[in-house]
Structure formats: structure tokens, C-alpha cells
Amino acid sequence: MSSTDKKKGAAAGGWFKRLFFGGSKVLADEMQAKKDASLDVEEIVSPFKQIVRGFMARRLAVIAMCIVIAMFLIVFIGPLFMPKYYDAYTEVTQKNVPPTMSMLSVPGELKNHIRTIDSYGSFTVGVSDAGKVYVWGTTQIGTTGVNVRDIPEEVKNAKIIYAAAGIDHIVAIDENGKVYCWGHNGLGQYGYFDPKEFPNILSEPDELLNGTIDVNNIRKVTCGYQCSAILMNDGKLYLWGNKNTYQNIEKFMVLDNLVDIDFTLNYVVGLTQDGNSIYTGTRGLYDQYRPNINQKAIPSREYLKGRKIIAIYATSNNVCAELDDGSLCFAGDFSSNSVPMPELHPGEGFVTVCSGTYHYTGLTTEGRVLSWGGDTLNQTQVPKNMTGVSKIYAGAFQSYAVNSNGELVGKWGLKGYIFGTDTYGADIFQRIIQGGRMTMTIGAVAVIISTIIGIIIGCISGYFGGKVDLLLMRVTEIFAAIPFLPFALILSAIMAQSDISENKKIFILMCILGILTWTGLARMVRGQVLVARENEYVTAAKAMGVKEWAIAFKHILPNIVSIIFVTLTLDFATCMLTESGLSYLGFGVTYPRPTWGNMLNGANNATIIKNFWWQWVFTSLFLAITCICINIVGDTLRDVMDPKSDRDK
């Protein structure tokens with residue numbers, strides 16, 4: 001049988017089925033046959049669903065979108081979890097600290113044999129019961145090339161009894177009374193300095209350089225910013241260091257009746273045998289005391305009422321005094337957010353107290369460990385359920401609790417900085433989050449302003465044409481001809497000289513960015529409207545008597561909104577980069593308020609680029625990744641919203 005005969009037979013069979021079984025059944029069978037033959041039926045989907053499908057089919061775009069969303073969540077929700085952050089925070093003892101989370105990590109060999117722990121800056125020194133010295137934290141001293149972790153061999157071979165850490169050096173004393181020092185030594189931290197050649201340096205005493213002291217007669221060993229002190233039980237004081245750091249240092253050289261000594265950030269403080277006041281050599285500095293840091297200060301004589309001060313403990317800007325009745329009082333400056341000293345139980349007193357850079361930690365007669373004072377870096381967050389504590393030690397921003405066997409039973413405070421610190425000692429990670437919110441806010445507001453102007457000008461010009469189009473396009477060309485960067489720099493410089501608030505300057509900056517970046521969008525909208533106004537639905541709207549303004553903004557504009565949305569996305573990244581560029585050049589948002597741009601301002605310093613890479617690398621990555629991902633999302637939206645584009649291009 002030929003193929004023609006087969007086709008005729010199939011047609012006759014189909015006719016026979018329709019005759020006796022009905023057309024619907026036959027059609028259903030035919031549809032099933034087509035399905036069995038794997039003939040595809042095109043699915044009808046909405047434009048929005050088609051856009052979503054097209055976007056989700058592109059893996060890179062999806063990843064970029066997730067990154068952009070994550071960035072927005074980090075910079076806008078992240079600050080809610082940083083209640084202790086403030087823009088003007090500075091900390092001179094934590095400047096240029098590299099990324100680290102080891103500042104609270106006591107070496108394993110020391111944990112169960114602790115004799116003493118001390119710190120002042122970004123590193124900590126500890127001594128074991130066997131007299132071995134350990135150093136942890138950020139031990140590289142700036143750009144000096146000195147690393148305090150490089151302990152001298154003679155120190156390693158000696159049995160150390162005392163050790164104290166300054167901002168950039170360490171002092172240790174062995175069992176024979178030999179004094180060792182190491183670390184940075186450019187400003188009199190240790191060693192001999194000729195007073196004629198270095199009048200601003202108080203040289204380390206010759207007795208310490210070439211001899212020994214009686215270890216059993218040592219009362220206290222302590223270090224300050226760039227100074228050190230050893231106080232003996234008989235009142236003799238060994239004091240040396242940088243006079244420019246502590247200008248009252250020479251007033252202590254004539255004293256021989258001290259029973260205690262310590263350092264604030266700017267002053268040496270001491271306690272004489274009479275115990276009537278805290279001695280600084282400066283009248284009126286610490287002559288008012290308060291029972292707690294949040295209470296009103298009272299003149300010293302009125303407060304003491306015959307009681308004597310038996311010990312002092314100093315932070316950077318205040319002093320805690322222990323009285324002979326077991327109570328404590330405080331003198332100096334306290335920030336408004338300082339945590340007050342917890343209330344003691346009836347009959348409870350302090351066994352010992354120690355001080356860090358801004359906080360105090362005390363051990364009470366009931367075995368309780370209490371911390372108070374500055375809490376910006378969680379210095380007062382004492383762990384719960386600590387038992388058997390017999391000794392406490394305070395680092396710069398850390399505290400350690402030890403039992404009677406020398407075993408570490410608790411530690412709290414600053415662990416480190418995930419992205420390091422900047423030139424002012426502020427946490428770069430926190431400033432990146434705060435700066436990202438400012439940068440994105442400025443970019444978003446600028447885009448909104450430019451979009452509103454561009455849409456209005458573009459719609460009116462494109463729809464009405466003629467003289468209106470001619471006038472508006474000439475205005476657009478005038479704005480487009482303005483050299484953007486020089487003009488923005490000039491306006492920003494004028495604002496910097498004006499007596500207006502920082503918030504107003506930021507608002508004006510947003511307006512400048514918006515007003516100077518609308519021309520491209522206006523031209524694009526005009527071109528789309530010129531094409532859309534020739535469509536049938538526009539003619540129908542005119543025939544129905546719809547007002548011209550309504551046709552332009554209610555009928556034509558919604559049909560080109562997808563193109564506008566894509567342009568808005570791309571312009572957002574551009575405005576972020578522009579704001580960052582202005583701030584980088586010093587003409588945008590100024591310090592201390594952070595943006596990603598002004599955080600990079602220091603990157604034009606060769607020293608920072610070479611030695612403190614973390615101060616610009618992480619901020620640059622956040623800015624670059626965010627802008628690149630926004631551009632990827634915008635480009636992908638442009639492709640999937642254009643039905644004529646090739647999906648795989």
C-alpha cells in the first residue's frame with residue numbers, strides 16, 4: 001500500500017470516529033497523540049513572571065542580588081546591634097591595630113600557672129609560676145619594626161618575678177633584682193639617654209641599667225604610655241620615660257615618701273604616706289571625690305572626714321582610691337555611659353582592685369568579681385558562675401580571674417578587631433557598617449532627586465515636542481555641559497567654609513548629586529516617550545478626551561517604567577561612587593561621621609598603604625563589591641526586560 005493510500009485510510013478512519021463517537025472525543029485523542037509525540041505547548045505567563053524567570057535563570061545575577069540584599073541588611077540593620085558605637089570614638093592606645101581576635105587569648109602553657117598579667121595597649125604580658133614570660137595580642141609596634149613578642153634570650157633564661165607592659169615596651173624583673181626592658185625605645189622607654197642631648201627624656205636610672213635591686217623590697221611595678229615606674233617599700237622611686245607624655249613626671253623625682261604610684265593617660269599620680277590626697281603636683285586636679293562614678297563630686301576634705309587613702313588605681317582619665325575603712329571613692333572625669341560600681345552587700349568589702357584603660361575590676365570578700373567604668377568594648381561584662389576566684393588582673397580592655405592554684409577561671413573584655421582599627425583607634429568594621437549606611441543613603445536620595453527631575457523633564461519634552469521640547473533639551477544640554485566633578489568640588493568647598501551644620505551639608509550634598517545627574521535619564525525618557533506617543537492606545541486616549549498631562553504621566557509613563565527602573569539601579573551605584581570620590585578627596589562628608597569615601601581618605605598616604613593595609617582594603621572591597629553587584633543586577637534587568645534581547649548574550 002502506498003503512502004497516499006495510508007493517508008486516505010487514516011482520514012476515513014478519523015471521519016468514521018467523529019461520525020459515531022463525537023468530535024470532542026476525537027479531538028481529545030488527537031491532543032493526546034500530539035502530547036505523546038512530544039509536541040511542546042507554549043505556556044502563557046505574565047510579563048512580571050517572565051522577567052522573574054529570566055532573572056533567576058542567570059546565576060551570576062542571582063548571586064549579585066543576594067550580595068546587594070545582604071549589604072543593605074548589614075548597613076541598615078547592623079547598627080541596631082551596635083548600641084555602644086559613636087562616630088567620634090577615638091582610642092590612642094588602640095591605634096593602627098591589625099585584624100586580630102587574639103587579644104583575650106591567654107597562651108595554653110600559661111593558663112594553669114599564672115603568676116601575674118598586665119597590659120596597657122594592644123598587647124598583654126604574663127608571667128608563669130616558673131618565671132617564664134608570655135606575650136600575646138597585637139605585638140607589632142606600628143611601623144618601628146619592633147615586635148615585643150621577640151623576648152630577649154636573657155629574659156627567657158631568667159626567672160621573672162614581675163612584669164609590666166606599657167604602650168610599646170615591657171619591663172621585667174628577675175628573682176635576683178635584674179631589670180630587663182624590651183620593645184620600642186625611641187622616646188626614652190628604657191636605656192640611657194644623655195640629658196643634654198635629649199632634654200625631654202628622663203633616662204632610666206643607672207642603678208637599674210648596671211646593677212640590681214632588692215626584689216623583696218619592691219612594692220609596685222607599673223608602666224604608662226611611654227614611661228615606667230618601680231616603687232620600693234621604703235618609698236624610693238625609680239621613674240623614667242618621655243617627659244612630653246607626662247609633663248609632671250619631674251615633680252615625682254624629689255619625693256621619697258610615696259606608698260603608691262600609677263599612670264593616667266596624661267599624668268603621673270601618686271599617694272604619699274599621709275594619705276590625705278592623690279598627688280599629681282597640679283593643684284585642683286583630683287581634689288574632689290565621689291562615692292560612685294555616677295554620683296556628685298564632693299571636696300576631698302569634706303568627703304574623707306579623717307579617713308586615709310591607702311591605695312590608688314588609675315585609668316586613662318580617672319582614679320579610684322581605696323580608703324582605710326575598706327570603701328572606694330573616685331576622682332576625675334567619667335563618661336555619661338560609664339557603668340557605675342555595683343552595690344555591695346551589707347558587710348561586704350573589696351579584697352583587691354585593679355584598673356584597665358577605662359574600667360575597674362574588684363574581688364570582694366564574698367568572692368564576687370565586679371567590673372565597672374567604661375564598657376565600650378565589653379570590659380564590664382563579667383561571666384556568670386565563676387567560682388574559686390582568688391586573684392584578678394586587668395588588662396587594657398580585658399580582665400582575668402584566677403584561682404588559688406594560678407588557674408584561669410574566667411576572662412572577659414576585648415577579643416580583638418575583625419577588620420583592625422584606624423589611625424584614631426576606632427573599630428573599622430563598625431565604621432564600615434555605619435559608613436555604608438551613610439553612603440547608600442546619600443546615593444539613594446540623590447538618585448530619587450535625579451529620577452524625579454529626569455522623568456518630569458523627559459516626559460514633558462518627549463510628549464509635547466515642538467518649542468517645549470526645544471527649550472527643555474537646551475536646558476538639559478546646559479546642565480550636561482557643566483563639568484560635574486569640578487563643580488561639585490567647588491560647591492563642597494564653599495559648604496566647608498560656611499557656618500552650617502553637618503546634617504545640612506549632607507542634605508545639600510545629596511541635592512548637588514541629584515541636580516547634576518538627571519540629564520542622562522531625561523534624554524532616555526524623552527526618546528522612549530517619542531516612540532510611545534505614536535501607539536494606538538495614545539490615539540485612543542486622545543479620542544476619549546483624556547487630558548494631555550494624564551496621557552503623558554498615566555498612560556505612557558507606566559509603559560516605560562521598566563527602562564526607568566533599570567537606569568535608576570545603575571545610577572544608584574554611580575551616585576555611591578561619586579559620593580565616595582568626593583569624600584575621598586575631602587569635599588564630601590567629613591570626619592568623624594563615616595562614609596566609605598572618607599574612610600578611604602587616608603589611603604593616599606604611602607605609609608598607610610604599605611604598613612596599615614587593612615585601613616583601606618576592607619572598605620574598598622565593600623564599596624567595590626556593592627557597586628559591581630548593583631551594576632550586574634541593573635544590566636541583567638535591562639536584558640530580561642527587553643523582549644528583543646538575546647537571553648544568552
Side-chain angles (χ1 to χ4, degrees), residues 93 100 102-103 105-142 144-193 201-232 238-242 263 391 393-396 398 400 402 406 408:
T93 66
T100 180
S102 64
M103 298 177 73
S105 303
V106 179
E109 296 180 6
L110 179 64
K111 283 185 177 180
N112 298 324
H113 310 282
I114 298 174
R115 179 185 181 90
T116 182
I117 293 176
D118 186 66
S119 76
Y120 187 88
S122 59
F123 62 88
T124 305
V125 60
V127 179
S128 68
D129 291 332
K132 187 176 180 180
V133 177
Y134 299 85
V135 182
W136 64 93
T138 302
T139 58
Q140 183 72 36
I141 308 302
T144 63
V146 175
N147 193 326
V148 292
R149 198 188 296 268
D150 298 331
I151 303 171
E153 287 297 324
E154 56 181 350
V155 175
K156 294 180 180 179
N157 297 328
K159 183 178 181 180
I160 303 300
I161 306 299
Y162 296 98
I167 188 68
D168 52 11
H169 71 290
I170 296 175
V171 175
I173 305 175
D174 68 12
E175 60 181 348
N176 298 318
K178 175 65 176 177
V179 178
Y180 306 93
C181 301
W182 69 95
H184 183 47
N185 189 31
L187 296 169
Q189 290 88 334
Y190 58 90
Y192 175 75
F193 287 81
I201 291 178
L202 191 63
S203 180
E204 183 179 354
D206 183 70
E207 185 177 347
L208 304 183
L209 291 171
N210 301 312
T212 61
I213 57 177
D214 183 4
V215 174
N216 297 321
N217 192 32
I218 295 176
R219 185 180 186 91
K220 189 174 187 178
V221 180
T222 185
C223 293
Y225 192 82
Q226 290 171 339
C227 292
S228 304
I230 302 174
L231 179 63
M232 312 300 286
Y238 300 99
L239 183 61
W240 68 95
N242 185 1
F263 296 94
K391 295 180 182 179
Y393 303 98
Q398 304 85 15
Y400 305 89
V402 178
L408 183 68

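Quick note: numbers below take in every heavy atom, side chains included, and nothing from hydrogens, waters or symmetry partners. Numbering starts at 1 and runs along the sequence shown. The model shown is predicted, which means the values in this text are computed figures rather than measured ones.
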For Y120, ring-ring contact (aromatic ring centres under 6.0 Å, His included) partners two or more places apart: none

What I'd like to find out is whether the side chain of L209 reaches to under 4.5 Å of the side chain of Y192, using heavy atoms alone. yes

Under the criterion side chain to side chain contact (heavy atoms under 4.5 Å, CB included), I'd like the reasoning laid out for Q189 against C227: C-alpha separation, chi angles, the key distance, then a yes or no. CA-CA 6 Å; Q189 290 88 334; C227 292; over 6 Å; no

Under a 4.5 Å cut-off applied to non-hydrogen side-chain atoms, are I167 and Q226 in contact? yes

Measure the shortest side-chain to side-chain distance between F193 and L202 over non-hydrogen atoms and say whether it is less than 4.5 angstrom. no

Given side chains that start at C-beta, do those of I160 and I173 come closer than 4.5 Å, heavy atoms only? no

Carefully, step by step, assess I213 and L208 under the rule side chain to side chain contact (heavy atoms under 4.5 Å, CB included). CA-CA 7 Å; I213 57 177; L208 304 183; 3.7 Å; yes

With sequence neighbours left out, what residues match D214 under side-chain contact (heavy atoms from CB on, under 4.5 Å)? N216, N217

Of all pairs that satisfy salt bridge (charged side-chain N to carboxylate O under 4.0 Å, His left out), the ones with a partner from residues 148-158, not counting sequence neighbours: E153-K156

Pairs in or reaching into residues 170-186: which pass side-chain hydrogen bond (donor to acceptor under 3.5 Å, both in side chains), with residues at least two apart or in two chains? D174-Y180

Steps toward side chain to side chain contact (heavy atoms under 4.5 Å, CB included) verdict (I141, V148): CA-CA 8 Å; I141 308 302; V148 292; 4.1 Å; yes

Kindly write out the residues that satisfy side-chain contact (heavy atoms from CB on, under 4.5 Å) with T124, not counting sequence neighbours, or none if the list is empty. I117, S119, W136, Q398, Y400

I would like to know whether C181 and E204 meet side chain to side chain contact (heavy atoms under 4.5 Å, CB included); could you show each step before the answer? CA-CA 10 Å; C181 301; E204 183 179 354; 4.1 Å; yes

Does the S203 side chain pair with the main chain of G191, one donor and one acceptor, at a distance under 3.5 Å? yes

Who passes side-chain contact (heavy atoms from CB on, under 4.5 Å) against A165, sequence neighbours left out? D118, F123, V125, I170

Do the non-hydrogen side-chain atoms of I230 and W240 ever get within less than 4.5 Å of each other? yes

Test item: Y393 side-chain N/O and R115 main-chain N/O as donor-acceptor pair under 3.5 Å: yes

Taking the side chain as everything from C-beta on, heavy atoms only, tell me whether N210 gets closer than 4.5 Å to E207. no

